[in-house]
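Below: the structure, in structure tokens.
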Amino acid sequence: MCGIVGFSSRRHSAVGPLVNGLRRLEYRGYDSAGVALQSDGGIRVYKQTGKVGELEKLLKEKLPAAERDAFKMGIAHTRWATHGLPTAANAHPHVADGGRLALVHNGIIENYAALRAGLEKRGVAFASQTDTEVLAHLIAQFDKDDFLSAVTQALKQVEGTYGIAVMSMRHPGEMVVARKGSPLVIGIGEHETVVASDVSAIVAHTRQVIYLKDGDVALVTPDGVNVYTLDNAPVSRDVQEIEFDLGAVEKGGFDHFMLKEIHEQPEALRNTIRGRLDKTDGTAILSGLNLTPRELAAVRRLVIVGCGTSLHAGMVGKHYFESLADIPTSPEQAAEFRYSNPIISPDDWVIALSQSGETADTLAAVRESMRKGALVSGLCNVVGSTIAREVGRGVYLHAGPEISVASTKAFTAQVTALLMTALKLGRTRRLSREEGLRLVAEIERIPDLVGAVVARSNEIAAIAEKRCKAEDMFFIGRGVLYPTALEGALKVKEIAYLHAEGYQAAELKHGPIALLTEKTPVVALLADIPGKEKTVGNVQECRARNAPVVGVVTEGDEEAASHVDDAIFVPRTSEWVAPIVSVVALQLFAYHVARLRGCEIDQPRNLAKSVTVE
Ligand code: M6R
């Protein structure tokens, strides 16, 4: 969704760093972009609809290279429209005080209509339909001697969420940033300070960062940062080191981030697993959970909340927890859960699954669960993200930055982390040491098994070529492979703009089979695990209706392969690892279908990487 960059330096022009920073945030999804630049002469604003490239063209036209050096401070934004169409007028930054104050904002100001009416009564004229512009004018109303107080006074009137960066000609060289419910990170460089909603826009400048907490307000200058509460009391925040380098947020020779991230999975999974397997006792070491065996043994029910791909990972987790640890488990779509007045008891454990750690509905589900006294933990990829911090306990995926909107490596890392969690819980119950050790050995093999599927990319591309012209597809699986079917269908929808549905294999004949023709390929999950024969039966029903079938089949299982038109082979595994190797085949299938259809793979239309609105 929206992205923020701010830059303040003693030596360098802000123009290049701001535009490059916006480029790093492009993956989040947006529809317009803008920049406000401050020099001794005032603030200049440039805004444009479309991609950052369009903004760059505008800057080239309107801001000659010779003039750029004068602008050592600036703020920039990519907007994903919520209030008002994606027009240049609605794009950020928004200005107030006759162009002397400029502001960028992520989040939603819920009481903007009332605030706007009040400001209009006082004669303020608005130039956009956005909620954000209200905040710019509100700050301007208070902006006299102390910039920080002007911002905090305005923020106290705001209901909703925000990550903001604001600058004013009344206080040259100062930038104020603040966050509530929308992430903001400050990078500390040498005589320059960088602000961004995401560390990927910072890592090119410095790896030393401060993650602001909700309710923090910071005064930023080229020489550093001071953090305060909304009541202007100074607070101290640790400087932390970003754990990846610039290469992790670049394509590194791949055509798309999605393909790069699919290929990164063996390494990402090694990082997820590293140091977490106990080969003596046959269990997992997940110290971030910070739970004693007694506390683990007291858990009576698990609830896994998440959205999209994370929800699908949670659905795989249900099979793990119920089979390995005998604990009833409900995977819940986070938005449905949060508004369902969920019944929670103190011996429930709620696990929040989120790659970004910022998804609004998952965060709200976390807060509701905490309010009701559940034990809550997170399973997030982004270090320092809001969910990770609010729950205060959990398991980081360590999968590295995921840039492509279509989640791939986060899914396999989530499922692997859930398997380790189930192993740990299982060992507090009926799972024997021998069974635990067998599972440990199996988990250790996951990275290599995944690598073997990735190596089949060309074969999968050839199968994708045969099916890429379809306009409808079905994905079927049963048991632990049903969520994989949902995930395969989601990937194809997201990036190939093709109507795809995931079904329990047995459910197809209860209605959807009516849609099958020679034009509706069915992708069947046929890994050789319990239940496969029954899915083979469902495949026969599909072929009897002339639907072409692509099977994801275990290597060497010629019998299953003989029932499908095209087989994608995956290594033989236990039922616990089958969803992981099978999903990698589907990720590659979706990727190649999208590529062959000429789709915009890394930034699919209408989608955002992290969904921070309801
Ligand atoms: O960051 P999260 O894991 O909380 O994101 C949840 C979903 O928005 C996300 O998985 C989405 O479905 C992806 N685009 C799927 O590829």
Side-chain angles (χ1 to χ4, degrees), residues 1 27-29 80 181-183 197-198 200 256-259 261-262 265 268 304-317 331-338 350-367 378-391 394-397 399-415 417-418 475 483-484 486-498 500 502 583-584 586-591 593-594 599-614:
M1 301 213 131
Y27 77 96
R28 298 172 66 92
W80 189 84
S182 198
S197 46
D198 179 329
S200 54
H256 299 98
F257 278 111
M258 182 180 179
L259 190 61
E261 287 157 11
I262 291 173
Q265 287 178 107
I304 308 180
V305 292
C307 302
T309 290
S310 291
L311 175 62
H312 297 158
M315 291 170 78
V316 180
E332 302 277 349
Q333 203 284 339
E336 292 295 318
F337 177 82
R338 68 182 281 197
V350 176
I351 303 182
L353 248 63
S354 176
Q355 186 287 132
S356 60
E358 301 296 343
T359 300
D361 284 321
T362 310
L363 178 59
V366 160
R367 289 178 177 156
L379 211 154
C380 301
N381 193 34
V382 177
V383 174
S385 54
T386 307
I387 292 175
R389 284 179 5 179
E390 289 210 4
V391 296
V395 179
Y396 274 124
L397 300 179
E402 191 178 68
I403 306 289
S404 172
V405 165
S407 187
T408 54
K409 61 178 179 174
F411 179 81
T412 48
Q414 283 170 333
V415 173
L418 286 170
F475 287 72
T484 309
L486 293 176
E487 180 57 12
L490 178 63
K491 287 287 92 82
V492 163
K493 274 186 269 220
E494 272 185 295
I495 59 165
Y497 307 146
L498 189 160
V583 84
V584 177
L586 300 190
Q587 294 166 351
L588 282 164
F589 179 73
Y591 171 80
V593 168
C599 299
E600 170 79 88
I601 291 181
D602 284 331
Q603 293 158 41
R605 72 177 174 222
N606 304 338
L607 293 181
K609 181 65 185 163
S610 106
V611 182
T612 50
V613 295
E614 275 188 55

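Counting convention: from 1, in listed order, for ligands and their atoms alike. What you see below is based on every heavy atom in this structure, not just the backbone, and it leaves out hydrogens, waters and symmetry mates.
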Distance-minimising heavy-atom pair for V492 and A590: CG2-CB, 3.7 Å

For ligand 1, find out whether one of its N or O atoms is nearer than 3.5 Å to an N or O atom of Q355. yes

Any N/O of T309 closer than 3.5 Å to an N/O of ligand 1? yes

From T408, T359, V382 - option closest to atom 4 (O) of ligand 1 by heavy atom: T359

So which heavy atom in the protein is nearest atom 13 (C) of ligand 1, and how far is it from that ligand atom? E494 OE2, 3.5 Å

Distance-only N or O hit between ligand 1 and A406, under 3.5 Å: no

Any idea which atoms of ligand 1 are less than 4.0 Å away from a heavy-atom of S310? 2 (P), 3 (O), 10 (O)

May I ask which of C307, A360, C380 has a heavy atom nearer to atom 6 (C) of ligand 1 than the others do? C307

Kindly say whether K491 contributes a backbone atom to a donor-acceptor pair with the side chain of Q587 at under 3.5 angstrom? no

Closest approach of any protein heavy atom to atom 8 (O) of ligand 1, naming residue and atom: V611 CG2, 4.0 Å

Is the shortest side-chain N to carboxylate O distance from K409 to E402 below 4.0 Å? no

Over all heavy atoms of both residues, which pair between Q265 and T408 is shortest? Give the atoms and the distance, please. OE1-O, 3.4 Å

Looking only at protein heavy atoms, which one is nearest to atom 1 (O) of ligand 1, and how far off is it? S356 OG, 2.6 Å

Indicate whether the side chain of Q355 and that of S310 have a donor and an acceptor atom separated by less than 3.5 Å. no

Any side-chain to backbone donor/acceptor pair from E358 onto T386? Under 3.5 Å, distance only. yes

Is it true that a side-chain atom of D602 and a backbone atom of M258 form a donor plus acceptor pair closer than 3.5 Å? yes

Can you list the atoms of ligand 1 that are under 4.0 Å from a heavy atom of K491? 15 (C), 16 (O)

Taking T359 for its side chain and D361 for its backbone only, find out whether a donor-acceptor pair lies under 3.5 Å. no

Under 4.0 Å, heavy atoms only, figure out whether ligand 1 is touched by the backbone of E358, its side chain, both or neither. neither

Using a strict 4.0 Å cut-off to heavy atoms of S354, name the atoms of ligand 1 that fall inside it. 1 (O), 2 (P), 3 (O), 4 (O)

